[in-house]
Amino acid sequence: MYIIDSSFLVNLNHEIPFDSDDELWALILELAKKDYLKLPEKVIEELERGSDNLATWAHNNKKDLCIKTSNIFEVFPEVLTKYQEGQENFPLTDLDYLESIADPYVIALALKMHATVVSGERPCLGNYLTQRPKNRKIPDICSACAVDHMNGTKFLVQIAKLLK
């Protein structure tokens, strides 16, 4: 299973706009219906805050795309710990920020389900531990938590292989 971050879908929508290739978006929805991929609730919320066709698509297909994150709270502290690692004076504002965005939920859900995260984020330059916790990226935290991660291009290659 693949857990999809909003950055992948936002980037994809910029490269292949929703209106220009309905077949691709229909395929993503079909894969969600078959539980091949899912979006955590927080990702759906992030997408719905937009005002474009992607926001509408996410809202209209929430039932098929969304997976609840209520079962992640036993692993959620482990993910937050990786965001805080190496920071003796961790700003509480960073913790509030991390709990308000989808990234830690995406990673915790993948950790819990032994799934692969798909995101459009790139790792931090240099050692991620030198970054403020709220500036750490999904690939870095996935690596720190031993969660598989791939970028959108690799994911689309996986989909192409699936269709053969």
A side-chain contact here means heavy atoms from C-beta on lying under 4.5 Å apart; do [X] and [Y] qualify?
X	Y	result
Lys154	Asn151	yes
Val157	Lys161	yes
Asp103	Tyr83	yes
Leu47	Leu39	yes
Glu74	Lys112	yes
Thr116	Met150	yes
Val106	Ser119	no
His149	Ile138	yes

Which heavy atom of [X] sits nearest to which heavy atom of [Y], and what is that distance?
X	Y	answer
Ser70	Phe73	O-CD1, 3.4 Å
Ala108	Ile72	CB-CD1, 3.8 Å
Leu80	Pro104	CD2-CB, 4.2 Å
Asp5	Glu121	OD2-OE2, 4.2 Å
Ala115	Val147	O-CG1, 3.9 Å
Ile107	Val117	CA-CG2, 4.3 Å

Roughly how far apart are [X] [atom1] and [Y] [atom2], rounded to 0.5 Å?
X	Y	atom1	atom2	value
Leu109	Ile4	CG	CD1	11.0 Å
Leu37	Leu29	CG	CG	9.0 Å
Glu45	Ser6	CD	OG	11.0 Å
Cys142	Lys82	SG	NZ	12.5 Å
Asn13	Leu24	CG	CG	10.0 Å
Asp148	Leu111	CG	CG	11.0 Å

task: Begin with the C-alpha distance, continue with both residues' side-chain angles, and end with the deciding distance and a verdict on salt bridge (Lys or Arg N to Asp or Glu O under 4.0 Å) for Glu85 and Arg136.
output: CA-CA 11 Å; Glu85 191 173 22; Arg136 294 178 180 184; 5.5 Å; no
- request: Kindly assign one of parallel, tilted or perpendicular to the pair Tyr36 and Tyr2, based on the angle between their ring planes and the thresholds 30° and 60°.
  value: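 Answer is tilted, since the angle falls between 30° and 60°.
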message: Before you tell me yes or no, could you show the steps for Lys68 and Glu41 under side chain to side chain contact (heavy atoms under 4.5 Å, CB included), namely the whole-Å CA-CA distance, both residues' side-chain angles and the distance that decides it to 0.1 Å?
response: CA-CA 6 Å; Lys68 303 281 184 195; Glu41 298 156 308; 2.9 Å; yes
task: Show your reasoning for whether side chain to side chain contact (heavy atoms under 4.5 Å, CB included) applies to His114 and Met1.
output: CA-CA 8 Å; His114 306 287; Met1 174 178 277; over 6 Å; no
query: Does the pair Ile159 and Leu31 meet the rule for a side chain to side chain contact (heavy atoms under 4.5 Å, CB included), with working shown?
result: CA-CA 9 Å; Ile159 288 175; Leu31 293 172; 3.7 Å; yes
- prompt: Does the Glu78 side chain pair with the main chain of Cys145, one donor and one acceptor, at a distance under 3.5 Å?
  reply: no
- prompt: Of Asn61, Leu65, Asp64, which is the lone residue that meets side-chain contact (heavy atoms from CB on, under 4.5 Å) with Lys33?
  reply: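 In the set Asn61, Leu65, Asp64, the residue that makes a side-chain contact (heavy atoms from CB on, under 4.5 Å) with Lys33 is Asp64.
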